[in-house]
Amino acid sequence: MSISHAPPQPASDISGKERPSAPGPAPGEQPELVALVPSSSRRARVPRWLRRTTGPLLLLGLWQLLSATGVLTSDVLASPETIARVAGDLVEDGSLTSAMGVSLQRVAIGLLLGTLVGTGLALVSGLFRIGEDLVDASVQMLRTVPFVGLIPLFIIWFGIGEAPKVAIITLGVSFPLYLNVYAGIRGVDSQLIEAGESLGLSRWGLVRHVILPGALPGAMTGLRYSLGIAWLALVFAEQINADAGIGFLMVQARDFLRTDVIVVCLIVYAFLGLLADFVVRTLERLLLQWRPTFTGR
Amino acid sequence: MATDVHRPVTGTPHRADTASQDTAGTTDTAGSTPTASAPTVVRVDGLTRAFDGRPVIDRLQLDIRAGEFVALLGRSGCGKSTLLRILAGLDRDIEGTALVPRRKAVAFQAPRLMPWKRVWRNVLLGLPGKPERAVAERALEEVGLSHRSHAWPKTLSGGEAQRASLARALVREPDLLLLDEPFGALDALTRVKAQRLVDELWQRRGCAVLLVTHDVEEAVLLADRVLVMDDGVIAHEQRVDLPRPRDIADPRFAALRTGLLERLGVEAPSAAPAAPSKAA
Ligand SMILES: Nc1ncnc2c1ncn2[C@@H]1O[C@H](COP(=O)(O)OP(=O)(O)OP(=O)(O)O)[C@@H](O)[C@H]1O
Ligand SMILES: [Mg+2]
């Protein structure tokens with residue numbers, strides 16, 4: 001599809017206006033024409049992934065420069081070069097990979113449980129008036145309690161094993177999912193529900209074909225928030241009484257003043273977060289392709 | 001849900017099959033002479049619907065016989081869509097009696113396609129059993145949309161979406177077809193085609209049709225009976241006994257149109273601002 005252009009006009013028409021005081025073009029005078037550039041030509045030639053990686057790479061270069069010139073000493077922040085070497089060592093002796101495995105497992109279990117609890121509650125209070133009365137008020141109340149503050153209580157309840165860590169993640173994940181799925185269900189266009197009714201859909205048919213798909217964008221937003229919070233909860237959970245995992249590695253490094261190891265761990269967190277984001281993006285692309293929304297220029 | 005005959009507020013016995021019973025000899029609305037003794041598919045008596053105490057429909061009376069094509073005119077905001085929603089079983093905050101058949105289908109003023117379902121799935125939505133895609137394809141073919149059957153609703157043009165919505169209503173093979181300005185977003189040519197289509201389908205399927213429209217010409221072209229709604233009731237009723245297919249050039253056609261336009265409050269029949277004569 002292309003937009004047809006107006007024929008180019010003599011340059012003098014634009015630049016050399018005889019009567020600049022005139023409020024509009026006089027009758028018969030050619031009005032100023034604006035070329036509508038096709039969007040394909042406006043788009044930069046640089047591929048998207050390259051544009052997206054340039055920023056971080058520049059930042060990395062600056063960091064290396066500051067370290068090399070001695071502005072940034074190694075006890076404040078190790079240089080990228082050192083960090084890369086340390087990361088290599090940690091991977092080689094298996095400590096990083098095993099820590100990642102443990103952490104990933106915690107997040108996965110917590111995320112799974114939290115998703116079940118969050119969406120389950122949201123379905124109950126989104127679909128049933130009585131469920132809303134019972135569930136929503138309680139959830140809205142509990143939501144205001146910072147979940148990290150519950151760590152001491154969880155340790156008393158669940159001991160110091162895996163349970164309190166998973167429980168914290170579950171708790172953190174449940175709320176954003178609940179809120180967004182609930183809002184998604186309640187935000188479904190009532191005209192579409194009416195249309196579904198007129199088509200003879202049963203109550204369950206309405207839920208399956210109209211309400212749940214309509215709530216999916218909200219659920220995806222909730223999932224994104226949840227993933228962010230899951231990593232946050234993981235960091236908190238693992239820095240208390242952990243004997244394995246990335247957080248444990250970090251606590252150890254802190255005790256030995258190893259900023260390089262700490263940075264490696266942070267990078268691993270960031271990397272896992274990016275990975276999770278990528279998974280959600282892919283899910284969104286697959287599940288929400290029907291959505292007529294603005295996708296950016 | 002929403003497919004039962006409405007619960008009459010008056011104490012008349014009612015069952016789902018009331019609509020198919022022959023109820024000839026009813027006290028009809030002013031001057032109507034129903035075709036032979038076809039069974040009544042819609043019986044509305046003393047129907048009232050108020051929004052916040054303001055009655056939009058006020059003790060309305062309406063009977064539609066099986067196979068009858070009824071057009072409903074009236075100025076914007078007079079309650080046509082409200083009446084249609086009540087007949088569709090979607091609005092039950094009503095007083096009075098309203099009996100409708102179990103099998104009915106609606107095409108709303110806006111297409112109301114589910115954006116998360118491809119067009120053909122939208123057409124099949126809510127059909128009993130597991131209908132094959134071919135069923136949808138046939139219905140889409142009828143409205144000239146078979147090439148868009150796999151598209152997402154967001155990619156349809158306004159007129160295409162409206163035709164998809166029409167196909168979705170037709171595929172249900174209803175006893176009563178409720179159409180709320182189904183040709184509103186169509187260009188003149190597609191509009192004529194769509195009108196013919198509805199006409200053909202109506203003749204072939206023999207269902208009763210209630211068509212809400214703003215276009216007097218369209219009403220006279222298609223309907224057996226044209227109703228004008230005002231002040232919450234059917235204020236005027238006009239039988240159209242012209243032979244089909246109808247010719248707009250027919251002087252009787254023009255006379256009917258002029259009469260209806262006058263009823264709608266349009267003085268000069270040549271300049272008809274209330275009824276855009278796109279149907280020509
Ligand atoms: N849910 C509602 N709450 C309050 N008022 C409503 C509601 N729905 C409709 N109305 C009012 O009822 C009146 C009739 O509305 P309706 O949609 O039936 O009009 P209409 O005859 O279909 O008009 P149009 O030709 O413009 O579609 C309008 O005044 C409208 O504002
Ligand atoms: Mg309307």
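The chains referred to below are lettered A, B, ... by the order of the sequence lines, with proteins before strands, and numbering in each begins at 1.
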Inspect the surroundings of CD in A:Q289 and state if more than 12 heavy atoms from other residues, nucleotides or ligands are less than 6.0 Å away.
-> yes
Quick one: what part of B:R172 sits under 4.5 Å from any heavy atom of chain A, side chain, backbone, both or neither?
-> side chain
Is atom CD of B:E141 surrounded by more than 12 heavy atoms (other residues, nucleotides or ligands) closer than 6.0 Å?
-> no
Just wondering, more than 12 heavy atoms not from B:F51 lying within 6.0 Å of its CZ?
-> yes
Heavy-atom proximity to chain A below 4.5 Å, by part of B:R118 | side chain
Value rounded to 0.5 Å, distance of OG in A:S190 from CG in B:L90 | 11.0 Å
Side-chain contact, heavy-atom cut-off 4.5 Å: B:M114 with A:W290?
-> no
Above 12 or not: heavy atoms from other molecules or residues under 6.0 Å from CD1 of A:I130?
-> no
Can you check whether A:H209's main-chain N or O pairs, donor with acceptor, with B:W116's side chain at less than 3.5 Å?
-> yes
Near B:R121 CZ, under 6.0 Å, is it more than 12 heavy atoms from other residues, nucleotides or ligands?
-> no
Mind checking the OG-CZ spacing from A:S198 to B:R112? Nearest 0.5 Å is all I need.
-> 8.0 Å
Sequence neighbours left out, cut at 3.5 Å: what donor-acceptor pairs do the side chains of residues 213-232 of chain A make with other protein atoms?
from   : atom 1 : to     : atom 2 : distance (Å)
A:T221 : OG1    : A:P217 : O      : 3.0
A:S226 : OG     : A:V173 : O      : 3.1
A:S226 : OG     : A:G222 : O      : 2.8

Pair count under 4.5 Å, heavy atoms only, with chain A: among B:P115, B:G126, B:A110, B:A105, highest is B:P115
In terms of heavy-atom proximity below 4.5 Å to chain A, should B:L178 be classed as side chain, backbone, both, or neither?
-> neither
So how far is it from A:Q191 CD to B:Q109 CD, rounded to the nearest 0.5 Å?
-> 9.5 Å
Which value, rounded to the nearest 0.5 Å, describes the distance between B:F108 atom CZ and A:E194 atom CD?
-> 5.5 Å
Among A:L287, A:L288, A:V210, who wins on heavy-atom pairs under 4.5 Å with chain B?
-> A:V210
Answer yes or no: are there more than 12 heavy-atom neighbours, outside B:R204 itself, under 6.0 Å from its atom CZ?
-> yes
Atom CD of B:Q203 with >12 non-hydrogen neighbours under 6.0 angstrom | yes
